[in-house]
Structures are given as structure tokens and as C-alpha cells.
Amino acid sequence: MPGVMPPTIEWAGDRVRLIDQRRLPGELVMVDAVTIDELCELIVTMAVRGAPALGVAGAMGIALASVRGDDLHAAAEKLISTRPTAANLAWGVRRALAARDPVAEAVDVAQEDVAVNRAIGRHGVSVVPQDARILTHCNAGGLACVGYGTAIGVIRAAHDSGRSPSVWVDETRPARQGARLTAWELDRLGIPCTVVADALAASLMAGGEVDLVVVGADRIAANGDVANKVGTYGVAIAARHHGIPFYVAAPRSTFDPSCPSGDRIPIERRDPAELGDVPPGVAVDNRAFDVTPADLVTAYITEDGVSTTPSG
Ligand code: MRU
């Protein structure tokens, strides 16, 4: 029986404490950041990842800078540059920067995240039929937030309300957030799940083995285009082809009204080494996110409800 899950990220007096997701699923261990450089390193190496958790990390980074007496604007710039795609990171930084007490504000951002996730879950239950076979991509669970999850929040709310969902978990190449993190979370929650290679998703749909797809998001443009982990776009195309609903579960802090459309969303390019063995000298393109056009999204599930339009 798994023990109590610590928060993914929390303020610990004079430092930021977080679950070291690089060590999962093997070990559940915490790691602390005492300086902005340490926190930025933990973000870049994905000890903490997932858009809402990055929002909290951004706010806590400013809190850290304020207790250390660092230049807050330099800290903000450094934090925001670590991972460009997730809208929440800059959102969390801005919230703490604008506050009189950045520490109290960062703690609020973290607490609100759990409440917002639970509201997403409550609303999302309405789109989940009894015994639904759900496919998800990447990790939009408690590990990507402070503790409940967005896409996984919908699944766990459906599970808790007796709808008995089961989950196809895309492995999610190259960093394997699905196989390592989503499967670990679902297993701890007692929700039946099966990990599959990303490339199997379309065939599962063709075989009538998927009832709906639910994913998280890193940034949602004003027109509803959705940036999420690379591979999401292909899942959405396959879902549309097979007449399967494709839902995006995300907090309002992931919506970026200043970004008109998906082609303006900055796409992070990560270390080519993440793709593994490649012949020396051969080029590698490791774009970490892709953009799903709004017309492939059945509905957005937010803390405000379920809506076919991004504005709710
Ligand atoms: O590179 P990651 O692991 O930070 O990517 C995470 C995702 O793509 C998630 O789906 C997204 O951040 C939503 S998390 C609630």
C-alpha cells in the first residue's frame, strides 16, 4: 500500500522542496533548492515539470529570491527562460513579483492549484462514461501540479465517483513521462492502466478500444490551439479520424490570451541526447511540444466548467 504522497512542490521555510521526478518510478525522494540557480537547474533537468507545477516553481523562485535579497527581476528572467512553452511559469513568476509578500503569494499559488485541479476533476466527470477506456499522453497528474492533476484529475474524479475508468498510458517518448510518471500515479491510486508505445495509440482507436482522450496543456492560445507534449497532435488527429472525443483539461493559468494562435507559441528544443543512441554526426531535432489546432479539441475542461470554446 503506497504511503501518503507529499506535495510535488512546497515552500519549506527558506527553500523550495520538491519531489525529484528524475528518480521516479524507482524512488520517491525530495530535493531542495536554496538558490535560484539550483531551482533553475532542477527545472531544466525536469526534476520538476508539468505546466502547473512550473507555475508554482516560478512563484516560489521569486519567493526564494526575495528571502535571499536577490534582484527579483534578474531572478524572474532566469526562471522564465528555463522552459519557454509552459504559460504557467511566467504566470507564477508575475504573480509573485506583483505581490507585497512573494512568499505568501507563492504559498497561495500552490494551495489554489490543488483547489483548481479538484474543480477541473469535478467538471470533467460529466464527459466520462461508465467503464470508459481513456487514453492519455504525457503526465498531467499530481506530479505535474501540486497534488491532484488536470487530465489525471478528471480520471481520478471519475474513478472516485464509481465510473470505473481504465487508462491507456502513452509511453511518451523521449522522456517517458507516461511510462515513468503517469503509470506510477495511476497504479498508486488503484486505477487500472496499461502502458503502450506512443505509436500504438491510433491502432487502439481503430480497434474500438478507446472511448475518449484526455490530455493536459502547456499553453492554450487565444484561438484555442493547444501546445502539449510532442505527440499530442498525432493523437488528436487519430481521435478525430475515429470519431473519438478529444478533451484538454487545464487551469485558466495555462490560457494565454496574449498569444493569438498556436503558431506563435514558443516550442522548447531540448538536449538531443534525450533521443538516445544516434550515429555520431547525425542531426537530431528534439522539439518537446507540438500544437494541436483548436478544431480538433472536443472541449476544454477548466475550473470553470466544460466548454467547446477556449473562453469558456
Ligand atoms: O516536458 P514536461 O514533462 O514538462 O511536459 C508536460 C506536459 O506536456 C503536460 O501534459 C502539461 O504540462 C500539462 S500538466 C498538467
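Just so you know, ligand 1 is whichever comes first in the structure, and atom 1 is the first atom listed for that ligand.
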Asks: What are the distances between nitrogen or oxygen atoms of ligand 1 and protein nitrogen or oxygen atoms, counting only those under 3.5 Å?
Replies:
{"unit_1": "ligand 1", "atom_1": "1 (O)", "unit_2": "R83", "atom_2": "NH1", "d": "3.4"}
{"unit_1": "ligand 1", "atom_1": "1 (O)", "unit_2": "R83", "atom_2": "NH2", "d": "2.8"}
{"unit_1": "ligand 1", "atom_1": "1 (O)", "unit_2": "K229", "atom_2": "NZ", "d": "2.7"}
{"unit_1": "ligand 1", "atom_1": "3 (O)", "unit_2": "R49", "atom_2": "NE", "d": "2.8"}
{"unit_1": "ligand 1", "atom_1": "3 (O)", "unit_2": "R49", "atom_2": "NH2", "d": "3.2"}
{"unit_1": "ligand 1", "atom_1": "3 (O)", "unit_2": "Q177", "atom_2": "NE2", "d": "2.9"}
{"unit_1": "ligand 1", "atom_1": "4 (O)", "unit_2": "G50", "atom_2": "N", "d": "2.9"}
{"unit_1": "ligand 1", "atom_1": "4 (O)", "unit_2": "R83", "atom_2": "NH1", "d": "2.8"}
{"unit_1": "ligand 1", "atom_1": "8 (O)", "unit_2": "D218", "atom_2": "OD1", "d": "2.8"}
{"unit_1": "ligand 1", "atom_1": "8 (O)", "unit_2": "N228", "atom_2": "OD1", "d": "3.1"}
{"unit_1": "ligand 1", "atom_1": "8 (O)", "unit_2": "K229", "atom_2": "N", "d": "3.2"}
{"unit_1": "ligand 1", "atom_1": "10 (O)", "unit_2": "N228", "atom_2": "OD1", "d": "2.6"}
{"unit_1": "ligand 1", "atom_1": "12 (O)", "unit_2": "A51", "atom_2": "N", "d": "2.9"}
{"unit_1": "ligand 1", "atom_1": "12 (O)", "unit_2": "D218", "atom_2": "OD1", "d": "3.1"}
{"unit_1": "ligand 1", "atom_1": "12 (O)", "unit_2": "D218", "atom_2": "OD2", "d": "3.0"}

Asks: I'd like to know whether CZ of R287 has more than 12 heavy-atom contacts from other residues, nucleotides or ligands below 6.0 angstrom.
Replies: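 Result for CZ/R287: open.
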
Asks: Using side chain to side chain donor-acceptor pair (under 3.5 Å) as the criterion, point out the one residue from T172, T136, N139 that pairs with T182.
Replies: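 It is N139; the other options fail the test.
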
Asks: So how far is it from R17 CZ to I9 CD1, rounded to the nearest 0.5 Å?
Replies: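 Nearest 0.5 Å value for the CZ-CD1 distance: 12.0 Å.
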
Asks: Would you call D225 and R264 a salt bridge, using N to O less than 4.0 angstrom?
Replies: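 Looking at D225 and R264, the cut-off is not met.
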
Asks: In terms of side-chain heavy atoms, does T45 have a donor or acceptor partner in R22 at a distance below 3.5 Å?
Replies: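 Yes.
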
Asks: Looking at side-chain heavy atoms only, is the closest gap between R15 and V67 below 4.5 Å?
Replies: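 No; the side chains remain at least 4.5 Å from each other.
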
